[in-house]
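What follows is one structure encoded as structure tokens, with my remarks underneath.
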Amino acid sequence: MHLPTLAPSLLFLHSLLPVVSAHSHIAYLIINNIHYNGYDPSPGRTTNLPNAVVWPNTAQDDGFVPPSNYTHPDIICHRDSSPAQAHAPVKAGDKIHIQWNGWPVSHRGPVMSYLASCTGLNTTDGCASVDKTALTWTKIDNSSPGFLNETGGVPGKWASDHLIASNNSWLVGIPHNLAPGPYVLRHEIIALHYANKKDGAQNYPNCVNLFVEPPAGKVVNVVANGGRGPVLTRTTLAPVMTGPAVVLAPGEGVKATKLYKSDDPGVSLDIYRTLTGYEIPGPTVAGWAEPVPVKSQKKVSEPLTTGTPVRVEGTRTVPFPVEKTAA
Ligand SMILES: *[C@@H]1O[C@H](CO)[C@@H](O)[C@H](O)[C@H]1NC(C)=O
Ligand SMILES: *[C@@H]1O[C@H](CO)[C@@H](O)[C@H](O)[C@H]1NC(C)=O
Ligand SMILES: *[C@@H]1O[C@H](CO)[C@@H](O)[C@H](O)[C@H]1NC(C)=O
Ligand SMILES: *[C@@H]1O[C@H](CO)[C@@H](O)[C@H](O)[C@H]1NC(C)=O
């Protein structure tokens with residue numbers, strides 16, 4: 001088969017696709033069979049669902065952040081985002097099911113996840129009042145197209161195709177030795193269908209507050225020293241963790257405004273040509289990360305239980321007030 005002759009016809013078909021402005025957002029999360037509210041971008045809503053663990057933003061069109069804004073704070077956690085007030089409680093080693101509210105098949109590209117610690121960033125409420133520009137990110141999942149020639153042609157099979165096959169969801173592995181404390185998970189899809197045009201890639205970053213609970217019966221002071229930290233070190237964690245703890249000290253990792261460049265080969269390319277490889281944008285995945293491989297991605301059944309997220313108060317967490325205003 002002659003791929004070079006196939007490509008122009010696909011390109012032609014592709015150019016007939018309507019330019020839709022409604023893409024997606026994180027609708028909810030499932031952690032240990034429990035459901036946590038995501039972001040609800042319904043028009044007219046000015047605040048997030050009170051107990052949502054996904055950061056609110058103003059992308060009510062479910063839109064994206066373009067490469068021309070890779071140095072703008074919108075790339076951190078989406079357009080005009082601000083911290084969610086609640087945190088989803090997780091245990092190190094959990095797999096978090098992230099449910100997107102659908103995903104268009106044409107929007108092919110990589111799926112990536114990053115973690116930033118809020119410990120040591122001068123807050124006493126975990127990530128709820130964190131300065132987003134102070135967050136520094138470590139990549140924990142880097143899902144490539146995986147199988148460029150799996151389908152024997154262009155544009156090949158991408159991580160987004162696997163996400164769609166899993167009912168538009170993605171499993172993110174939380175490393176089993178991650179130090180307890182508050183974290184922001186930055187989960188992102190980059191759609192590459194227009195990446196052959198100037199400023200054509202589309203980033204869909206979304207942030208989720210997590211509180212990694214210490215092992216049962218242990219207490220970790222995540223805000224000692226007025227939250228200035230770093231209070232979590234391998235030494236201070238030795239009584240709590242059984243192995244060498246993974247500690248993300250303040251400043252470790254990369255600011256989101258430094259993750260990508262508009263001319264990165266992974267965001268400036270033509271996916272309708274036969275690719276011999278793909279360079280995923282951003283930093284490499286941390287050696288201690290435990291991503292769920294593309295081939296092990298699967299959908300998790302809808303849970304029956306709705307969870308109560310937590311609020312971080314000093315050295316402890318308390319149940320987040322139950323939502324009063326329904327959508
Ligand atoms: C991109 O940057 C401009 C300002 O330079 C801003 O007006 C716009 O809202 C930004 N965000 C997105 C998501 O494009
Ligand atoms: C698939 O995802 C939708 C949200 O996009 C959700 O409403 C539905 O329950 C999910 N189906 C299953 C089987 O989990
Ligand atoms: C936290 O506050 C201290 C004292 O005001 C300041 O020196 C430090 O730069 C702050 N750190 C961050 C990450 O904001
Ligand atoms: C896919 O591409 C790789 C690298 O070019 C090649 O080694 C492999 O044989 C190809 N697989 C198929 C099924 O064509």
Side-chain angles (χ1 to χ4, degrees), residues 19-43 46 49 52-82 88 95-107 109 111 132-133 159-172 186-195 197-208 255-264 267-268 281 292 296-307 326-327:
V19 181
V20 285
S21 61
H23 311 290
S24 199
H25 58 270
I26 296 179
Y28 56 86
L29 290 89
I30 302 174
I31 305 172
N32 292 321
N33 257 339
I34 296 175
H35 172 292
Y36 294 95
N37 279 339
Y39 167 59
D40 174 6
S42 309
T46 52
L49 292 170
V53 297
V54 174
W55 288 32
N57 58 62
T58 59
Q60 292 191 329
D61 60 352
D62 274 347
F64 54 88
V65 182
S68 50
N69 275 0
Y70 281 173
T71 56
H72 186 281
D74 281 355
I75 194 65
I76 304 172
C77 294
H78 217 322
R79 200 181 300 162
D80 305 316
S81 61
S82 54
K95 288 181 177 54
I96 299 182
H97 167 110
I98 296 187
Q99 182 67 57
W100 288 79
N101 191 48
W103 192 254
V105 69
S106 63
H107 286 35
V111 178
K132 66 181 176 183
T133 65
S160 56
D161 294 296
H162 290 272
L163 179 137
I164 291 169
S166 305
N167 190 36
N168 309 304
S169 72
W170 200 260
L171 285 170
V172 176
R186 182 178 181 279
H187 180 66
E188 178 178 44
I189 307 176
I190 304 184
L192 299 172
H193 51 304
Y194 290 134
K197 298 179 166 54
K198 187 171 159 46
D199 206 27
Q202 302 182 349
N203 290 56
Y204 296 82
N206 279 274
C207 289
V208 183
K255 293 214 169 173
T257 46
K258 295 246 161 79
L259 287 174
Y260 313 121
K261 291 198 173 67
S262 56
D263 60 353
D264 283 345
V267 297
S268 176
V292 177
S296 305
Q297 289 291 332
K298 58 173 194 281
K299 74 177 171 206
V300 173
S301 328
E302 185 61 22
L304 297 173
T305 324
T306 296

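For ligands, and for the atoms within them, numbers begin at 1 and follow the listed sequence. Note that the numbering runs from 1 along the sequence shown for the chain.
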Got an N/O contact under 3.5 Å between Lys299 and ligand 2? no

Taking Asn57 for the side chain and Asp80 for the main chain, is one N or O donor matched with an acceptor at less than 3.5 Å? no

Counting each atom of ligand 2 from 1 as listed, which ones have a heavy atom of Trp100 under 4.0 Å away? 5 (O)

Identify, by atom number and element, the atoms of ligand 2 in contact range of Val300, meaning under 4.0 Å from any of its heavy atoms. 14 (O)

Trp103 contact mode with ligand 2 (heavy-atom cut-off under 4.0 Å): neither

For Gln99, take its heavy atoms, then give the atoms of ligand 2 lying under 4.0 Å from any of them. 2 (O), 4 (C), 5 (O)

Which N or O atoms of ligand 1 sit under 3.5 Å from a protein N or O, and how far apart is each pair?
{"residue": "ligand 1", "atom": "2 (O)", "partner": "Asn69", "partner atom": "OD1", "Å": "2.7"}
{"residue": "ligand 1", "atom": "2 (O)", "partner": "Asn69", "partner atom": "ND2", "Å": "2.7"}
{"residue": "ligand 1", "atom": "11 (N)", "partner": "Asn69", "partner atom": "ND2", "Å": "2.7"}
{"residue": "ligand 1", "atom": "11 (N)", "partner": "Asp74", "partner atom": "OD2", "Å": "2.6"}
{"residue": "ligand 1", "atom": "14 (O)", "partner": "Asn69", "partner atom": "ND2", "Å": "3.0"}

For Asp264, the salt bridge (Lys or Arg N to Asp or Glu O under 4.0 Å) test, sequence neighbours excluded, returns none

In Å, rounded to the nearest 0.5 Å, how long is the span from CG of Leu29 to CD1 of Ile96? 6.5 Å

Is the side chain of Ser160 donor-acceptor paired with the backbone N or O of Gly109 at a distance under 3.5 Å, no angle test? yes

Would you find a donor on one side and an acceptor on the other, under 3.5 Å apart, between the side chain of Gln297 and the backbone of Val292? yes

Taking atom NZ of Lys132 as the centre, report whether more than 12 heavy atoms of other residues, nucleotides or ligands fall under 6.0 Å from it. yes

Just say parallel, tilted or perpendicular for the rings of Tyr204 and His78, cut-offs at 30° and 60°. perpendicular

Only one of Asn203, Thr71, Val65 forms a side chain to side chain contact (heavy atoms under 4.5 Å, CB included) with Tyr260, so which one is it? Asn203

